[in-house]
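Contents: one structure, followed by commentary.
For clarity, every value in this text was computed on a predicted model and none was experimentally measured. Whatever order the structure lists them in is the order used to number ligands and atoms, beginning at 1.
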Amino acid sequence: MQKHKLLINGAWVDPSTHAWFESVNPFTAQPWAMVPRAAKEDVDKAVAAAKAAFYSPAWRGMTASARGALLVKFADLVAQEAERLATIESTDNGKLLAEMRGQLNYIPQWFRYYGGLADKIEGRVIPIDKPGVFNFTREEPVGVVAAITPWNSPLMLATWKLAPALAAGCTIVWKPSEYSSVSAFAFGELFEKAGFPPGVVNIITGFGNEVGGPLIDHPDVAKIAFTGGDKTGEHVYQAAARGIKHVTLELGGKSANIVFDDATMDEAVKGVVSGIFAATGQTCIAGSRALIHRPIHDQFVEKLLTLAKTAKMGNPLEAATQVGPVTTRPQYEKVLDYIRIAKDEGAVCRLGGNPATRPECGAGWFVEPTIFTGVNPAMRIANEEVFGPVLSMIPFDDEEDAIRIANDTVFGLAAGVWTQSIRRALTMSERLEAGTVWVNTYRAVSYMSPFGGYKRSGIGRENGAEAIYEYLQTKSVWIDIAGNAPNPFVMR
Ligand code: TXE
């Protein structure tokens with residue numbers, strides 16, 4: 001098993017603890033790599049390196065165009081290595097190779113997009129209301145960014161932070177999830193190969209409390225960019241408040257996939273399946289609540305069951321597999337707990353509801369695709385994020401009812417609407433409290449389109465031109481051009 005190292009200040013080093021932990025392949029339930037167990041001392045070194053790099057002539061003195069070119073070079077390297085990186089991700093987190101391959105082939109676009117944006121960030125000349133003064137603004141990088149990422153789409157979600165942060169001129173300390181760190185080391189090698197100056201990108205691995213905690217509390221971290229669970233998100237936000245740090249949070253959801261009786265039913269059935277069973281339901285945008293117009297509810301359920309039953313489970317590296325294992329043992333147990341809770345609350349289990357014991361699932365942490373009907377919006381299963389292949393089906397009577405149920409959640413990350421009516425599509429997309437609304441499609445994301453949550457699903461936006469401003473701060477510069485000092489005892 002390969003024993004990995006931390007990337008600090010351009011050098012691959014052992015953790016100060018001289019301790020490593022196993023990264024486990026969720027399909028085989030066997031360890032396959034050794035990940036450094038960093039601690040506060042390593043955090044301090046990594047932040048010091050990032051701080052020094054932030055002020056270094058090699059980075060600070062680099063023109064925005066040259067910085068952009070570095071990002072584009074990195075994009076090319078990722079494109080060349082996409083297959084290898086996708087295989088690492090799939091082995092480490094159990095998601096389908098087909099899905100990770102798709103992500104890895106797409107990730108270079110983020111670095112190209114933000115690479116292109118790097119030298120198009122301009123200040124403004126303000127036609128100021130005071131005579132004899134010239135006033136303009138500058139957009140400046142906030143400083144050292146702590147990027148803390150989860151296990152479900154490790155490189156994709158890191159890219160959403162690293163690409164705009166680097167384009168803005170920030171430096172990074174990246175802590176990937178303890179469950180899926182291995183691809184980060186491969187990414188780190190490519191940052192080096194692309195020629196980023198030492199200390200611009202640092203990678204430290206380990207556990208949330210041992211590495212994440214000291215990182216978010218470090219006084220030299222100017223900004224925290226976090227994707228993870230809402231409970232950890234609360235903790236991160238409190239640390240950001242204590243240190244008065246910039247922060248973006250992406251915290252998952254309980255997204256509604258709403259099907260009206262005028263929808264193309266077969267398309268909507270596929271959309272609901274892709275919303276919850278793709279990626280084994282382990283996605284922040286999972287359409288975990290299917291709201292179905294009452295006149296078509298029963299027919300829709302039958303069609304959905306027919307399609308969901310055909311889902312092929314098994315080895316995520318095999319092309320025919322459609323549903324892979326749950327990534328972590330605790331997550332597997334959490335998903336099974338929620339299934340028990342739903343049954344206890346009186347929801348009707350129409351499909352699955354158990355660990356998968358099919359021979360093709362081997363020793364992996366598999367849960368059968370699970371569908372509950374008779375779900376009442378007050379049940380826990382309808383309100384709490386399961387993050388697994390578990391769908392709650394809820395009937396609704398009309399648009400007003402659909403809006404009420406869809407918005408009756410503390411989350412607000414995404415929503416899907418299935419209808420042929422343009423009026424309904426526009427009305428629903430306006431009234432749904434979610435950062436993303438899809439109409440007649442689901443689970444589409446792009447580097448060009450802003451992404452983020454309403455309510456408890458998060459703060460700030462990733463992707464699109466908006467995201468780069470999350471890593472910039474505005475300075476207003478005033479220059480006297482009159483040459484005669486006004487009365488010094490009053491405000492100018
Ligand atoms: O996430 P955590 P976990 C949800 C999903 C899942 C639940 C728990 O519902 O069941 O979260 O998953 C780091 N200070 N999502 O426990 O803990 C941690 O090391 C600083 C939704 O894996 O949020 C990892 O790098 N950092 C989600 C990162 O936070 C800390 C994706 C995320 O871990 C920390 C994943 C601390 N005190 C899970 N504690 C989404 N939004 O898509 C942990 N971390």
*Below 4.0 angstrom, N of the basic side chain to O of the carboxylate: do Glu470 and Arg461 qualify?*
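Looking at Arg461 together with Glu470, the answer is no, because their closest N to O distance does not fall below 4.0 Å.
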*asked:* Please determine whether a side-chain nitrogen of the Lys or Arg among Lys334 and Asp337 lies less than 4.0 Å from a carboxylate oxygen of the Asp or Glu.
replied: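 Answer for the salt bridge query: no.
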*asked:* With nothing but distance in play, are any N or O atoms of Phe207 less than 3.5 Å from an N or O of ligand 1?
replied: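 Checking ligand 1 against Phe207, no N or O pair falls under 3.5 Å apart.
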*Candidate list Tyr113, Tyr106, Tyr114, test ring-ring contact (aromatic ring centres under 6.0 Å, His included), partner Trp110, passing option*: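 With Trp110 as partner, Tyr113, Tyr106, Tyr114 yield a single ring-ring contact (aromatic ring centres under 6.0 Å, His included), made by Tyr106.
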*asked:* Is the ring pair Phe187/Trp174 parallel, tilted or perpendicular, if the boundaries are 30 and 60 degrees?
replied: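 Ring orientation of Phe187 relative to Trp174: perpendicular.
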Best match, [options]: closest heavy atom to [atom]:
| atom | options | result |
| --- | --- | --- |
| atom 12 (O) of ligand 1 | Trp151, Phe226, Tyr338, Phe387 | Trp151 |
| atom 27 (C) of ligand 1 | Pro150, Gly228, Gly206 | Gly228 |
| atom 11 (O) of ligand 1 | Gly229, Gly388, Pro214 | Gly229 |
| atom 32 (C) of ligand 1 | Ile148, Val386, Thr227, Ile285 | Thr227 |

Using protein heavy atoms only, decide if any is under 4.0 Å from [atom].
| atom | result |
| --- | --- |
| atom 8 (C) of ligand 1 | no |
| atom 16 (O) of ligand 1 | no |
| atom 29 (O) of ligand 1 | yes |

Applying a heavy-atom cut-off of 4.0 Å, say which part of [X] lies close to ligand 1: side chain, backbone, both or neither.
| X | value |
| --- | --- |
| Glu250 | both |
| Ala239 | neither |
| Thr149 | backbone |
| Ile216 | side chain |

*May I ask you to check whether Phe27 and Trp32 place their ring centers less than 6.0 Å from one another?*
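No - the distance between ring centres of Phe27 and Trp32 does not fall below the 6.0 Å cut-off.
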*Out of curiosity, is Ser457 lining ligand 1, as in a heavy atom under 4.0 Å away?*
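In this structure, Ser457 fails to qualify as a contact of ligand 1 - no heavy atom is under 4.0 Å.
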*Looking only at protein heavy atoms, which one is nearest to atom 26 (N) of ligand 1, and how far off is it?*
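Going by distance alone, atom 26 (N) of ligand 1 is nearest to Gly212 CA, 3.6 Å.
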